[in-house]
Amino acid sequence: MRAQLDFLLNEALSAVTAGAGSFEPGDLDPQIERTRDARHGDFTSNVALRLAKKLGAKPRDLAGQIIAALPESPLVDSTEVAGAGFINIRVVPAAYQQELRIILESGPSYGCSEIGADQRIIVEYVSANPTGPLHVGHGRHAAFGATLANLLRATGHEVHEEYYVNDAGRQMDILATSVWLRYAELLEKGLPFPSNCYQGDYVIDIAARIRREHGDAFDGDTNALAAVLADTDTEPEQRLDRIVTEIKAILGERNFAIVFDAALASVLDDIKADLAEFGVAPQNWYSERSLVDRGAIAHAFELLESSNMLYAKDGATWFRSSALGDEKDRVVVRENGVTTYFASDIAYHNEKRERGFTRLLDVLGADHHGYVARVRAGLEAMGSPQDLLEVRLVQFVTLYRGNQKMQMSTRSGEYVTLRALRDEVGNDAARFFYVSRSNDQHLDFDLELAKSHSNDNPVYYLQYAHARVASVLKRMSEEGIPGPDPQMAELSRLVEPEEHALMVALSRYPEQVALAATNRAPQQVAHYLRDTAAAFHGCYNAHRVLVDDTALRDARIVLALATQQVIRNGLTLLGVSAPESM
RNA sequence: GCGCCCGUAGCUCAGCUGGAUAGAGCGUCGGCCUCCGGAGCCGAAGGCCAGAGGUUCGAAUCCUCUCGGGCGCGCCA
């Protein structure tokens, strides 16, 4: 509906501004907005106000000219110049009635558009290190990323979702080390378990399975290791590196790899299952090790080398990122010859680029914001346009149990897992709750509140609206009332204010989806659905659907069906179920 | 110290890239089913949009500064 008015207004604008060279219609989107106040009509545009100065005209005069140039349309009821120079448009009631038919004809695809048709976009999100189960913070990333992907897909983008698996590096060595130390406990080797190893019970489970499958095959001489463990003078992180080294020596490369791979597979399988149950299923799980094995890092280095962006200093290799907007240059190969995490990431992003995506969208934790400039610099150095990489930061989730703030740390094992949260509050409530707040807003997640299956959970309100329609339909079939044909129904019978308000709300859905996708703002869909459900409940309470007047009844059933369709489409975008009954 | 995010009703948050009288939920107070599901509806109270300047026809929104909160600033990931 808005798209049609947009078109009309553009026609009028180009007629009015035909002689004025500097004007470009594209600058002005969105030109048409919904009015907030019904007295201003249905739609309004401020173009006359915005163009007045540029064209050297008075806003109200200009508005009048634009209105005069507006092509005839069966959609438009009346137009007026209001206030300082607003163009207010009232559409005919039949337009809203026709929209109901369009909703029912389009079904699940109502609200979809092609505004992103020429875009191939890769959305990378969560990408948590596979060193333990996902926690509630990751849940927010998962819900946000998946919903964003849904929104982009609904607006015609070609979308590829990906999870980058950090299956190489120090943290993974520490996980393997933690597992082996638990294994050693099972063998009663009498070794202490350092506090900066991974504390979670899943580590013990993995160790137990290794014990079952391999017996004491990974036993060995632990004297040197015991000495390192007992050395409390060394700085803890440094000591941990030495512990890793000792355990690698005890096991040998081959056996350490077995423990390492068992730990990785176990944790990753858990993450995959967890996300799948949460309705989150990336098309690809991209292994950092595969990147290294394939020579992608070497390839990226060649590209950087050829543009003279690498240099040697202090025995390390540096990337000249400061030349491209970063605060300082960054090390890509350490003094000890090992490449940094940044080297992998630069190679990974280059690889995304080479796969031909027109946009790389990274969903990252707010603690990674310092990282953005250097990745962008890397891409630019390898020949990308500046806007290829788009980063959306997700602020932290602070978990409360009642008034008690909870400290979370993966290493210490003191955190609430996503799975535990889902078990307690349900997938629907969790998905909805996560995306109903802007991603750049901190989220206070009160477990006690979320756990309580009480009425203050907003997701139930939406689902209830959907179920209520289902209930009416059930009642209808029980009483042998035939379902109406939307094309034949006399929708002009829908004249009550509540019905009109509901129809207006429904007609807004396509533009809300487009807006939310453009703004990368899933919470706008959540809020829209809340408003729409409220309009429905208000209408439902004021006017009975299954009345004796057949024509009126049919019209109201069409309205109810359209409402159900829009709410179902919206909930689906958010990854929330639309139940027939509660 | 420097950088990024944020500050809107008692609480939790929206606010459509600068529009007309700033909106919801929860909480508080008062009403509504002999009627399709009361997980609902209707109404009331509640605001110096942290503060101060600036930009312009017009600012919660853009710019600068101050105050307050969060997060970064490794040859960690």
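Treat the numbers as computed from the prediction; the structure is a model and nothing was measured.
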Reckon A:Ala316 touches a base, only the sugar-phosphate, or nothing at all at heavy-atom distances under 4.0 Å? base
Consider only side-chain N and O atoms of A:Asp362 and A:His368, and report whether a donor and an acceptor are under 3.5 Å apart. no
Does the structure show a Watson-Crick or G-U wobble partner for B:G1, both distances under 3.5 Å? Name it, or say none. B:C73
In terms of relative ring orientation, are A:Phe342 and A:Phe319 parallel, tilted or perpendicular, with 30° and 60° separating the classes? tilted
Watson-Crick or G-U wobble partner for B:G47, using a 3.5 Å limit on both distances? none
Touch class at under 4.0 angstrom, heavy-atom based, for A:Lys474 against every strand present: nothing
Inter-residue atom distance A:Glu498.CD - A:His537.NE2, 0.5 Å rounding: 14.5 Å
Within the modelled atom types, does a donor on one side and an acceptor on the other bring the side chain of A:Asn88 and the base of B:A20 under 3.5 Å apart? yes
With the side chain of A:Met582 defined as its heavy atoms from C-beta on, choose the nearest nucleotide among B:U17, B:A20, B:G37. B:G37
Any-strand Watson-Crick or G-U partner of B:U61, both distances under 3.5 Å: none
Map A:Arg330 and A:Asn439 onto RNA chain B by nearest heavy atom, then report which one ends up closer to the 5' terminus. A:Asn439
Pairing partner of B:G7, by Watson-Crick or G-U wobble and under 3.5 Å for both distances, is B:C67
Kindly point out which of B:G3, B:G7, B:G19 is positioned nearest to the side chain of A:Gln441? B:G7
Nearest heavy-atom pair of A:His141 and A:Gly365: which atoms, and what distance? CE1-N, 3.2 Å
Return yes if the base of B:G72 and the side-chain atoms of A:Asp367 contain a donor-acceptor N/O pair under 3.5 Å, otherwise no. no
Any N or O donor-acceptor pair linking the side chain of A:His527 to the base of B:G15 at under 3.5 Å? no
Candidate nucleotides B:A22, B:A14, B:A39, ranked by approach to the side chain of A:Arg437 - the nearest: B:A14
Contact class for A:His543 vs. all strands (heavy atom < 4.0 Å): base, sugar-phosphate, or nothing? base
Report yes or no: is there a donor-acceptor pair, N or O only, under 3.5 Å between the side chain of A:Ser438 and the base of B:A14? no
Comparing A:Thr339 with A:Val472, nearest RNA chain B nucleotide closer to 5' gives the residue A:Val472
Who does B:G18 pair with, Watson-Crick or G-U, both distances under 3.5 Å? none
B:G40 pairs with which nucleotide, Watson-Crick or G-U wobble, both distances below 3.5 Å? B:C32
From C-beta outward on A:Trp318, which listed nucleotide comes closest to its side chain: B:C75, B:C16, B:C36? B:C75
Minimum-distance nucleotide (side-chain atoms of A:Phe86 versus B:G19, B:C75, B:A24): B:G19
Kindly state whether the ring of A:Tyr348 and the ring of A:Tyr286 have centres lying under 6.0 angstrom apart. yes
Looking across every strand, which nucleic acid part, if any, lies under 4.0 Å from A:Glu327 by heavy atom: base, sugar-phosphate, or nothing? sugar-phosphate
Taking any strand in view, what nucleotide pairs with B:C13 in a Watson-Crick or G-U wobble way, both distances under 3.5 Å? B:G23
Closest approach to the side chain of A:Ser581, judged atom by atom: which nucleotide of B:C71, B:G37, B:A22 is it? B:G37
Picking from A:Thr44, A:Thr35, A:Thr79, what satisfies side chain to side chain donor-acceptor pair (under 3.5 Å) with A:Asn88? A:Thr44
